[in-house]
Amino acid sequence: MASLLERAYNPDVLTCLANLSNDEVFTPPELANRVLDLLPEELWRDPTVRILDPFCKSGVFLREAAKRFIKGLEPVYPNLQERVDHIMHEQLFGIAITELTSLLARRSLYCSKFPNGRFSVSAFDGDEGNIRFRNINHTWREGRCVYCGASQDQYDRDAGLETHAYEFIHTTYPEGIFNMKFDVIVGNPPYQLSDGGAQASALPIYHKFIEQAKKLNPHFICMIVPARWYVGGRGLNSFRSTMISDRRIRVLHDYPETSECFPGVNIRGGVCYFLWDRQYSGKCSVINHFQGEEIESLRYLSSGEDGFFIRYNKGLAIIEKVQAFGEDSFSKFVSSSRPFGLRAAFSDFSPEKSAERQIKLYRFGDDGYISRNQIAKNGQWADMWKVIIPEASPGGDEYPHLVLSNPIVSEPGSICTETYLCLGPFDNKETCENISAYIKTRFFRFLVLMLKNTQHTTKKVYQYVPVQDFSRAWTDEELFQKYSLSSGEIEFILSLVKER
């Protein structure tokens with residue numbers, strides 16, 4: 001057995017695994033080690049430490065942890081085989097997300113998909129070792145799983161099909177899975193589940209794994225997850241509030257560009273990994289990784305009284321300069337979603353104006369005309385000047401971003417579907433044109449980006465944008481000068497926001 005451990009490694013097969021999907025992403029070994037580096041070095045010399053990966057895919061976190069224990073515990077267990085046996089039996093545990101990944105994780109950790117086989121680096125009585133998989137069923141109530149929120153229409157499947165009912169979050173008592181305490185919970189959880197909605201909409205679930213991990217009250221939690229929770233949103237508002245107020249988050253590494261962590265994977269809004277330390281209470285070391293540069297700041301995650309989290313450390317200083325002017329927030333002009341009550345798929349319109357259909361309808365695709373009585377809400381805005389702006393942002397995740405699509409001056413006698421947000425109403429066309437020019441500036445779009453972490457925009461993301469004197473048009477040069485931005489701050493804005 002010892003001879004198997006002493007052989008040199010071949011090129012690491014775990015660096016070239018194809019991802020299961022953008023929802024279940026394999027972690028490259030180099031990234032797994034960066035996450036494990038968050039843990040204190042003395043941990044790897046402690047033979048009593050227990051580590052759990054509750055969402056094993058490739059088993060890379062447990063394998064890399066094993067390497068560290070093998071080195072760190074040598075003074076305690078000089079005999080290599082005794083050391084390995086102790087580590088594998090007493091210190092490393094996993095819960096696989098599928099039967100297939102259970103075999104892969106065991107192969108990574110034990111060098112055999114059967115821990116009781118002759119090629120396993122440590123002998124177990126059963127064929128699971130300490131990496132278990134149970135085919136769990138969802139618990140349906142009114143068409144949804146009570147644990148994860150999965151759609152019954154999507155996931156109530158035949159017994160032979162994968163249901164994605166992950167054991168770790170489909171129980172009220174996660175401590176009963178292994179009936180033991182864990183010092184460290186680490187890994188890369190599944191990110192989301194299809195909810196059966198239109199346009200491949202999906203329900204985030206990664207936060208449920210973090211919440212469940214906290215129930216086990218370990219000393220440390222280290223996970224890599226999508227960064228969308230920074231701004232909340234669908235099912236994440238309560239989680240976001242809890243996270244940014246949690247003083248036990250000691251370190252947060254932020255990656256706006258997913259490719260810096262997961263080559264070939266595009267996760268809107270980027271990803272992050274963090275260290276949660278039960279015994280710590282204080283400021284968090286936030287490290288931005290952007291275009292090859294690392295920028296670190298020791299700060300609380302919650303930004304002031306508004307309770308927002310600003311991902312960019314350099315952005316905080318700019319926001320502070322802008323807020324020092326005490327100007328009103330532009331968000332007061334921004335409507336809620338679906339400003340006139342019409343869905344994006346609304347189809348009861350005519351391509352041409354007629355006596356019955358006098359109201360112009362701006363929509364995705366071809367515009368049309370509707371009657372006044374079809375306007376579900378805010379009908380008074382139809383007869384006023386306003387600006388509409390697409391709710392979804394253009395382009396991909398590459399930087400610099402456009403951040404926002406071009407605004408449209410919406411004349412009296414017009415409305416829009418939920419494809420747009422409505423700004424206003426305003427008194428005249430000139431004001432709307434000046435506001436449109438302001439929206440197109442990189443200054444404006446930068447301040448939106450500070451609170452925008454997905455392709456969608458809401459009223460909230462305009463919170464840091466100040467109101468200007470809209471009797472005139474504004475340029476970036478004038479705005480940079482007004483707020484006394486330094487050359488470095490201007491360069492940072494230009495690196496994030498694309499010129500129109």
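- Side chain to side chain, S393 and K452 meet the donor-acceptor criterion of an N or O pair below 3.5 Å.
- R442 places a side-chain N or O within 3.5 Å of a backbone atom of V497 that can act as its donor or acceptor partner.
- Listed for the R228 side chain is a donor-acceptor partner under 3.5 Å among the backbone atoms of R268.
- In this structure, F443 has its ring center closer than 6.0 angstrom to the ring center of Y483.
- Side chain to side chain, H164 and Y166 meet the donor-acceptor criterion of an N or O pair below 3.5 Å.
- With sequence neighbours excluded, the residues forming a salt bridge (Lys or Arg N to Asp or Glu O under 4.0 Å) with K314 are E293, listed by chain and number.
- Proximity of C145 to Q152: side-chain heavy atoms (C-beta onward) are nowhere separated by under 4.5 Å.
- Ring geometry for Y255 versus H289: interplanar angle under 30°, hence parallel rather than tilted (30 to 60°).
- Open room surrounds CZ on F364; 12 or fewer heavy atoms of other groups in view lie less than 6.0 Å from it.
- Between the side chains of H456 and E391, at least one donor N or O sits under 3.5 Å from an acceptor N or O.
- The heavy-atom pair separating L36 from A65 by the smallest distance is CD1-N, 3.8 Å.
- In this structure R278 satisfies the side chain to side chain donor-acceptor pair (under 3.5 Å) test with no other residue, sequence neighbours excluded.
- The residues R68 and D37 are annotated as salt-bridged, a charged nitrogen and a carboxylate oxygen being separated by less than 4.0 angstrom.
- Sorted by first and then second residue, the salt bridge (charged side-chain N to carboxylate O under 4.0 Å, His left out) pairs involving residues 180-189 (not counting sequence neighbours) form an empty list.
- Closest non-hydrogen pair, S285 versus L298, comes out as N-CD1, 3.8 Å.
- A side-chain donor-acceptor contact under 3.5 Å links S329 to the backbone of Q463.
- Counted by atom type alone, S241 and S238 present zero donor-acceptor pairs between their side chains at under 3.5 Å.
- Salt bridge R343/E418: present, at least one basic N to carboxylate O contact under 4.0 Å.
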Could you pull out all donor-acceptor pairs under 3.5 Å where a side-chain atom in residues 212-227 meets a protein atom, sequence neighbours excluded?
from: Q212; atom 1: OE1; to: K215; atom 2: NZ; distance (Å): 3.2
from: Q212; atom 1: NE2; to: F168; atom 2: O; distance (Å): 2.9
from: Q212; atom 1: NE2; to: T171; atom 2: O; distance (Å): 2.8
from: K214; atom 1: NZ; to: D246; atom 2: OD2; distance (Å): 3.0
from: H219; atom 1: NE2; to: D277; atom 2: OD1; distance (Å): 3.3

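- Between R445 and E499 there is no salt bridge, since no side-chain nitrogen of the basic residue lies less than 4.0 Å from a carboxylate oxygen of the acidic one.
- Remark: Y206 engages no residue in a ring pair (Phe, Tyr, Trp, His ring centres under 6.0 Å) (not counting sequence neighbours).
- Remark: the backbone N or O of G149 is paired with a side-chain donor or acceptor of R144 at under 3.5 angstrom.
- In this structure, the side chain to side chain donor-acceptor pair (under 3.5 Å) partners of T48, at least two apart in sequence or on a different chain, are D46.
- Put simply, the side chain of Q91 gets close to the backbone of V49: a donor and an acceptor are under 3.5 Å apart.
- Applying the side chain to side chain donor-acceptor pair (under 3.5 Å) criterion to R157, with sequence neighbours excluded, gives no partner residue.
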Next item on the list: Before giving the answer on side chain to side chain donor-acceptor pair (under 3.5 Å), spell out for Y230 and D254 the whole-Å C-alpha distance, their side-chain angles and the decisive distance to 0.1 Å.
Entry: CA-CA 11 Å; Y230 294 171; D254 172 63; 2.8 Å; yes

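- Minimum interatomic distance between S102 and F133 (heavy atoms only, all atoms of both residues): CB-CB, 3.9 Å.
- Here E478 pairs with R472 under the salt bridge (Lys or Arg N to Asp or Glu O under 4.0 Å) rule; sequence neighbours left out.
- A distance below 6.0 Å separates the ring centres of Y464 and F308.
- Counting only residues at least two apart or on different chains, the salt bridge (charged side-chain N to carboxylate O under 4.0 Å, His left out) pairs with a member in residues 480-498 are K321-E489, E327-K482.
- Annotation: ring pair (Phe, Tyr, Trp, His ring centres under 6.0 Å) contacts of Y438 (sequence neighbours excluded): F444, F470.
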Notebook entry, point to check: When you look at T258 and N266, which way does the side chain to side chain donor-acceptor pair (under 3.5 Å) test go after all the steps?
Noted result: CA-CA 6 Å; T258 312; N266 179 24; 4.9 Å; no

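- The ring pair (Phe, Tyr, Trp, His ring centres under 6.0 Å) search around F274 returns none, not counting sequence neighbours.
- Closest approach of I435 and F330 over heavy atoms only: CG2-CZ, 3.9 Å.
- Taking the ring axis of Y300 as reference, the NZ or CZ atom of R247 stays within 45° of it and closer than 6.0 Å to the ring centre.
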Which donor-acceptor pairs under 3.5 Å do the side chains of residues 332-342 make with protein atoms, sequence neighbours left out?
from: K332; atom 1: NZ; to: D328; atom 2: OD2; distance (Å): 3.0
from: S335; atom 1: OG; to: C422; atom 2: N; distance (Å): 3.0
from: S335; atom 1: OG; to: C422; atom 2: O; distance (Å): 3.3

